[in-house]
**Q** 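Shown below is the structure under consideration.
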Amino acid sequence: MAAVTADQTTQAKAQGTVQATAGGPDGADGAQLAAFDAAVAADERIEPRDWMPDAYRASLVRQMAQHAHSEIIGMQPEANWISRAPSLRRKAILMAKVQDEAGHGLYLYSAAETLGTSREELLDKLHAGRQRYSSIFNYPTLTWADVGAIGWLVDGAAITNQVPLCRCSYGPYARAMVRICKEESFHQRQGYELLLALGRGTPAQRDMAQDAVNRWWWPSLMMFGPPDDASAHSEQSMIWKIKRHSNDELRQRFVDICVPQAEALGLTLPDPDLWWNEERGHHDFGSIDWTEFQEVLKGNGPCNEQRLTQRRRAHEEGAWVRDAAAAYAVKHHAEKHTTPTPTAEATA
Ligand code: 3HC
């Protein structure tokens, strides 16, 4: 990409905020597209009022919607254990974590709204099965140790994937990710600490922790998406700096982080082909079952149906809350914009 000066970038970016005119792609004139490209090349943030290619907008909505949906569907597997947490401390931690996930969903739906798509529209698409959420949440939480494995592995994978998104080229998404990553970091630590406690417990507790890690390890590796040569969006997303690293790069980073942590926990990762490759400076690992991944994406995972049914039910049962909030907003707005009737005392 041709080098541009800071002045050219600022000037072109300013031009990019005017109404799109006929001519280039998406009805843009050349200056608008050049301004967009220059801003991305200069690592500037694209903001909601800036001109952007339609395909960039659509890809962001696609990814951010998938991400937001993952956060709110992701509340279900762990919420399942709130009433059965083994102590008040664990219960308080788990409730805070599940509430954080709801908050992450809200930040992300709000960030997606800046691209001109409403939360209602995105939720309708989720409920109709027309938009995705992460494959990982279609697996069941069978024991209390699963709460630890989700924190350590699932939230750990999420952080590995999401820290680079703090540098995403789209401003509102990047800013939402900063806070999300801080909270995900706490989630990962609580999972690790939970597994550490189980690992130091009775043999039955250690077995429960190992069983949970055995079941969550491979699905966690699938969270990073298909291999690079099968990833439909990675190349373009990286050109646009929505994504900064490919799926396989991040997956490898995650494996390298987890191996020493598993050793510290005294747990084994369920992969006989996992070993340190001196030459590559990374761990090699076994083949992922991509057939299982595709089946889960098609809706055939162990809990797909249960998760969507529960989500739709929660949405219906929450209708009165949305109605009440909307009625309050109308009332509040009316009160703010009505001139108060003068009292007798004031007019005397
Ligand atoms: N689960 C479900 N769908 C997946 C997937 C997964 N693990 N991995 C990929 N896909 C989907 C993609 O969404 C895409 O579907 P689409 O064409 O219908 O949109 C298709 O498979 C092809 O994959 P690509 O690699 O081409 O897609 P992307 O370039 O978008 O990369 C991604 C996939 C790495 C997941 C990327 O979308 C991403 O980084 N998303 C943001 C992070 C995110 O979504 N995280 C969810 C994880 S869970 C979470 O955050 C909750 C936390 O509390 C743990």
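First listed ligand is number 1; within each ligand, the first listed atom is number 1.
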**Q** Determine, step by step, whether H332 and E335 satisfy the side chain to side chain donor-acceptor pair (under 3.5 Å) criterion, reporting the C-alpha distance in whole Å, the side-chain angles of both residues, the deciding distance to 0.1 Å, and the verdict.
**A** CA-CA 5 Å; H332 187 67; E335 279 171 3; 4.7 Å; no
**Q** Apply side chain to side chain donor-acceptor pair (under 3.5 Å) to residues Q63 and H233 and explain how you reach the verdict.
**A** CA-CA 10 Å; Q63 176 166 328; H233 307 291; over 6 Å; no
**Q** For S70, is at least one N or O under 3.5 Å away from an N or O on ligand 1?
**A** no
**Q** Looking at atom 20 (C) of ligand 1, what's its closest protein heavy atom, distance included?
**A**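 The answer is R132 NE, 4.3 Å.
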**Q** Looking only at distances, please establish whether an N/O atom of ligand 1 is found under 3.5 Å from an N/O atom of L297.
**A**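 So ligand 1 has no N or O lying under 3.5 Å from an N or O of L297.
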**Q** Using a heavy-atom cut-off of under 4.0 Å, does the side chain or the backbone of H104 touch ligand 1, or both, or neither?
**A**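 Neither part.
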**Q** Determine whether the aromatic ring centres of H69 and Y109 lie less than 6.0 Å apart.
**A** yes
**Q** Would Y107 and R179 satisfy side chain to side chain donor-acceptor pair (under 3.5 Å), going step by step from the backbone distance to the final call?
**A** CA-CA 9 Å; Y107 306 153; R179 180 154 174 188; 2.9 Å; yes
**Q** Applying a heavy-atom cut-off of 4.0 Å, say which part of Y133 lies close to ligand 1: side chain, backbone, both or neither.
**A** backbone
**Q** Should D248 and R251 be marked as a salt bridge (charged side-chain N to carboxylate O under 4.0 Å, His left out) after you check the CA-CA gap, both sets of side-chain angles, and the distance that decides it?
**A** CA-CA 5 Å; D248 285 334; R251 195 173 358 256; 2.8 Å; yes
**Q** Have a look at ligand 1 and work out which part of H233, if any, has a heavy atom under 4.0 Å from it: side chain, backbone, both or neither.
**A**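 Contact part for H233 vs ligand 1: both backbone and side chain.
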**Q** Backbone N or O of L106 within a donor-acceptor pair of the S110 side chain at under 3.5 Å?
**A** yes
**Q** Please step through side chain to side chain donor-acceptor pair (under 3.5 Å) for the pair E295 and N300, ending with a clear verdict.
**A** CA-CA 5 Å; E295 281 304 309; N300 302 327; 2.7 Å; yes
**Q** Specify whether the nearest protein heavy atom to atom 32 (C) of ligand 1 is under 4.0 angstrom away.
**A** no
**Q** Can you classify the ring geometry of F224 versus F254 as parallel (below 30°), tilted (30 to 60°) or perpendicular (above 60°)?
**A**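 The rings of F224 and F254 sit tilted, inter-plane angle from 30° to 60°.
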**Q** Nearest heavy atom to atom 42 (C) of ligand 1: which of I242, I72, N161 does it belong to?
**A** N161
**Q** Pick one of side chain, backbone, both or neither for how I136 approaches ligand 1, counting any non-hydrogen atom pair under 4.0 Å.
**A** neither
**Q** Among S135, S59, A65, which one has a heavy atom closest to atom 7 (N) of ligand 1?
**A** S135
**Q** Where does H67 meet ligand 1, judged by heavy-atom distances below 4.0 Å: at the side chain, the backbone, both, or neither?
**A**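 Both of them.
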**Q** Looking only at protein heavy atoms, which one is nearest to atom 5 (C) of ligand 1, and how far off is it?
**A**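 So the nearest neighbour among protein heavy atoms is F293 CZ, 3.7 Å.
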**Q** N/O of F224 under 3.5 Å from N/O of ligand 1, yes or no?
**A**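 No, F224 has no N/O under 3.5 Å of an N/O on ligand 1.
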**Q** Kindly check if the number of other-residue, nucleotide or ligand heavy atoms within 6.0 Å of CZ (R189) is above 12?
**A**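 Check fails, neighbour count at 12 or below.
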**Q** Distance to 0.1 Å, residue and atom name: give those for the protein heavy atom nearest to atom 13 (O) of ligand 1.
**A** Q66 NE2, 3.6 Å
**Q** Just do the side chain to side chain contact (heavy atoms under 4.5 Å, CB included) check on V147 and K97 with the steps written out, would you?
**A** CA-CA 11 Å; V147 173; K97 179 177 189 278; over 6 Å; no
**Q** So does R322 have more than 12 non-hydrogen atoms from other groups sitting under 6.0 Å from CZ?
**A**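 Count over threshold, so yes.
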**Q** Evaluate whether atom CE of M95 has more than 12 neighbouring non-hydrogen atoms of other residues, nucleotides or ligands under 6.0 angstrom away.
**A**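 At most 12 heavy atoms, drawn from other residues, nucleotides or ligands, come within 6.0 Å of this atom.
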**Q** Which residue supplies the protein heavy atom nearest to atom 49 (C) of ligand 1, what is that atom called, and how far is it?
**A**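 Sorting protein heavy atoms by distance from atom 49 (C) of ligand 1 puts Q162 NE2, 3.7 Å first.
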**Q** Enumerate the atoms of ligand 1 whose separation from the nearest heavy atom of A232 is less than 4.0 angstrom.
**A** 26 (O)
**Q** Out of R307, Q66, E71, R311, which one pairs with Y133 under the side chain to side chain contact (heavy atoms under 4.5 Å, CB included) rule?
**A**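 When R307, Q66, E71, R311 are each tested with Y133, the side chain to side chain contact (heavy atoms under 4.5 Å, CB included) holds only for R307.
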**Q** Evaluate S237 for polar contact with ligand 1, using N/O atom pairs at a separation under 3.5 Å.
**A**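 Between S237 and ligand 1, no N or O pair is found under 3.5 Å apart.
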**Q** Determine whether the side chain, the backbone, both or neither of V296 has a heavy atom under 4.0 Å from any heavy atom of ligand 1.
**A** neither
**Q** Around atom CD of Q236, are there more than 12 heavy atoms from other residues, nucleotides or ligands closer than 6.0 Å?
**A** yes
**Q** For ligand 1, which atoms have a heavy atom of A158 less than 4.0 angstrom away?
**A** 54 (C)
**Q** One residue to check: L250. Relative to ligand 1, which of side chain, backbone, both or neither has a non-hydrogen atom less than 4.0 Å away?
**A** neither
**Q** Report yes or no: does D50 contribute a side-chain atom to a donor-acceptor pair with the main-chain N or O of F36 at less than 3.5 Å?
**A**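 It does not hold such a pair.
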**Q** Please check if the number of heavy atoms outside E193 that lie under 6.0 Å from its CD is greater than 12.
**A**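 Atom CD in E193 is packed in, count exceeds 12.
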**Q** In the protein, which heavy atom is nearest to atom 29 (O) of ligand 1, and how far is it?
**A**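 In this structure, atom 29 (O) of ligand 1 has K243 NZ, 2.7 Å as its nearest protein heavy atom.
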**Q** Looking only at protein heavy atoms, which one is nearest to atom 52 (C) of ligand 1, and how far off is it?
**A** E184 OE2, 3.3 Å
**Q** List the closest protein heavy-atom neighbour of atom 53 (O) of ligand 1: residue, atom name, distance to the nearest 0.1 Å.
**A**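 Heavy-atom neighbour on the protein nearest atom 53 (O) of ligand 1: E101 OE1, 2.6 Å.
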**Q** Got a sec: does the CZ of R130 have more than 12 other heavy atoms crowding it under 6.0 Å?
**A**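 Check fails, neighbour count at 12 or below.
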**Q** Just heavy atoms, cut-off under 4.0 Å: does H187 contact ligand 1 by side chain, backbone, both, or neither?
**A** neither
**Q** Of the side chain and backbone of S231, name the one, both, or neither that has a heavy atom under 4.0 Å from an atom of ligand 1.
**A** both
**Q** Among all protein heavy atoms, pick the one closest to atom 48 (S) of ligand 1 and tell me residue, atom and distance.
**A**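 The closest heavy atom on the protein side is F137 CE1, 3.7 Å.
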**Q** For Y173, counting its heavy atoms only, list the atoms of ligand 1 lying under 4.0 Å from any of them.
**A** 41 (C)
**Q** Out of R62, M75, Q63, who gets a non-hydrogen atom closest to atom 38 (C) of ligand 1?
**A** Q63
**Q** Of the listed options (P226, S220, G225), which comes nearest to atom 23 (O) of ligand 1 when hydrogens are ignored and any heavy atom counts?
**A** P226
**Q** I'd like to know whether ligand 1 has S234 as a neighbour, heavy-atom separation below 4.0 Å.
**A**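 True for this residue.
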**Q** Please determine whether residues I288 and L297 belong to a single hydrophobic cluster, defined as Ile, Leu, Val, Met, Phe, Trp and Tyr linked transitively by side-chain heavy-atom distances below 4.5 Å.
**A**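 Linked, I288 and L297 end up in one cluster.
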**Q** Which atoms of ligand 1 are found less than 4.0 Å from any heavy atom of D155?
**A** 53 (O), 54 (C)
